[in-house]
Number of protein chains: 2
Amino acid sequence: MVSASFGDTQTQILDAAEQLFAEQGFGATSLRSIIRAADVNLAAIHYHFGSKEKLIVATIERMAQPIVQAELKQLAAVQAEHPQPTVEAILHAMLAPALEIVYHGQGDRGLTQARLMGRCRTEPTIEPIGAQAFAKSSQTFLTALQQALPDQSTSELTWKFDLVIAMLIRVLCAADQPNAILQDNSPAETAAAIERLVHFAAAGMKS
Amino acid sequence: MVSASFGDTQTQILDAAEQLFAEQGFGATSLRSIIRAADVNLAAIHYHFGSKEKLIVATIERMAQPIVQAELKQLAAVQAEHPQPTVEAILHAMLAPALEIVYHGQGDRGLTQARLMGRCRTEPTIEPIGAQAFAKSSQTFLTALQQALPDQSTSELTWKFDLVIAMLIRVLCAADQPNAILQDNSPAETAAAIERLVHFAAAGMKS
DNA sequence: AATTAATTAAAACGTATGATTGAATGTAAC
DNA sequence: GTTACATTCAATCATACGTTTTAATTAATT
């Protein structure tokens, strides 16, 4: 039981599961296709995770944690600078981390994570798991937006916020398509694309 | 071979397939769960459709056809009245039919159709089928928007258009959640919700 | 070196999958 | 009424599914 070598098999399984769940969905992905991609034994999944359901939860939580952390950190930085940040500044803190992770992640990992995020909102069975993984981020940003737009009702802000998340996920998932918001991965172009998306979303939020 | 009684079994299969594909995804839905819900024999699917793949195509096309037709008709009406319609008018023609179908469809049919629409964009294997089913609508509305916003480049309009579709699908799929854009199904509330969404989307498009 | 615990491997469990078959049933035309 | 066609049905194919069990292997502790 060495902490350094912890989870080599676990990580292999999680990496393969992340990719296949993202591409095919949770229900359509078999444990056998995962162990084939991870090059491990079938029983390893049940040994390390217990069941397919628990593997799904572990995969989602591993994906969500760094994104939520980056979003909260960025929002805290913005709020430290300006006690009453603008809608644009809040949306920037919310959208930039995810976009940077996707566009500058190693290999296709970012796109995979984006698709997995999308899966969490489309699969009714999985939705509560995903909602819980992103709960801290959701409530924090919703509160910040409420302070920046005090004239709008909670329910109005809630569905608008929900639409901004939908836009973010779509931008992330469509990253490989022609006419994507961002074509090349240069830092300057990434920053410009984030600005475009923030501008688009802010216009809607303030409408 | 009577044209009047055509497709009783076919329709039962399509109805069940539509619901299950929408709820669980294409890969995760078995033909046996479909024939169980449709109360038909297993072989009926292969007799009437040929394979699971072809059933998927038939299900998507049946769902898309009336929506595309309603959208195009509404746009034609708007264009007949004003040769150069506003962004809001174009978006209204684009969003209202789908929203009305969902909110005023018989039973949960509308919500099911919305979820199926969403599936067509999230399942990589299925995406080309869905894209083709909505192709006519997409290109027509994109052209109309291009005329209303001549200062924006094609690629800019394309990703913005794509985001509006993502918002539409999200609104449709989240129709049953708390804090949805629309709470009750009264015609007045539906019209108001459409107006809110059009306003939100138009602000982004013009940004 | 011996013992214990952690991990991996192989095989099997019962059940479910998409697809196909050939017989049974209904329905039209002659 | 009988032929011809369209449709439904039950049974079966080979394969794949999630899970469990038991044995082999590896690593850490004494």
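Just so it is clear, the values below take in all heavy atoms, side chains as well, and ignore hydrogens, waters and symmetry mates. Numbers restart at 1 for each chain; the letters A, B, ... are given by sequence-line order, proteins then strands.
Distance A/Q24 CD to C/dT17 P: 17 Å, rounded to the nearest Å. Summarising the geometry, the separation between CD1 on B/I13 and C1' on D/dT7 is reported as 11 Å, rounded to the nearest angstrom. Atom-to-atom, CD1 of B/I34 to P of C/dA19 comes out at 11 Å; the value is rounded to the nearest Å. Going from atom OH of A/Y47 over to atom P of D/dT25 covers 17 Å, rounded to whole Å. Regarding B/N41, its CG atom lies at a distance of 13 Å from the C1' atom of C/dA23, rounded to whole Å. Atoms CD (A/Q10) and C1' (C/dT7) sit 11 Å apart, rounded to a whole Å. C/dA11 atom C1' lies 13 Å from atom CD1 of A/I35, rounded to whole Å.
A 6.0 Å sphere centred on CD of B/Q132 holds no more than 12 heavy atoms belonging to other residues, nucleotides or ligands.
The CD atom of B/Q24 sits 4.0 Å away from the OG1 atom of B/T29 when rounded to the nearest 0.5 Å.
Nearest approach of A/F21 to A/K52, heavy atoms of both residues: CE2-CE, 4.5 Å.
No salt bridge links A/E156 with B/R196; every basic N to acidic carboxylate O contact stays at or beyond 4.0 Å.
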Exercise for the section: Starting at the 5' end of nucleotides 16-23 of chain D, put B wherever the base has a protein heavy atom under 4.0 Å, S where only the sugar-phosphate does, and a dash everywhere else. Expected result: -BBBBB--

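With B/E71 contributing its side chain and B/S137 its backbone, the two residues share no donor-acceptor pair below 3.5 Å.
Not one side-chain nitrogen or oxygen of B/T9 sits closer than 4.0 Å to the OP1 or OP2 atom of D/dT7. Distances shorter than 4.0 Å separate some side-chain N or O of A/H48 from OP1 or OP2 on C/dT8.
In this model, a donor atom of one side chain and an acceptor atom of the other lie less than 3.5 Å apart for B/Q152 and B/K160.
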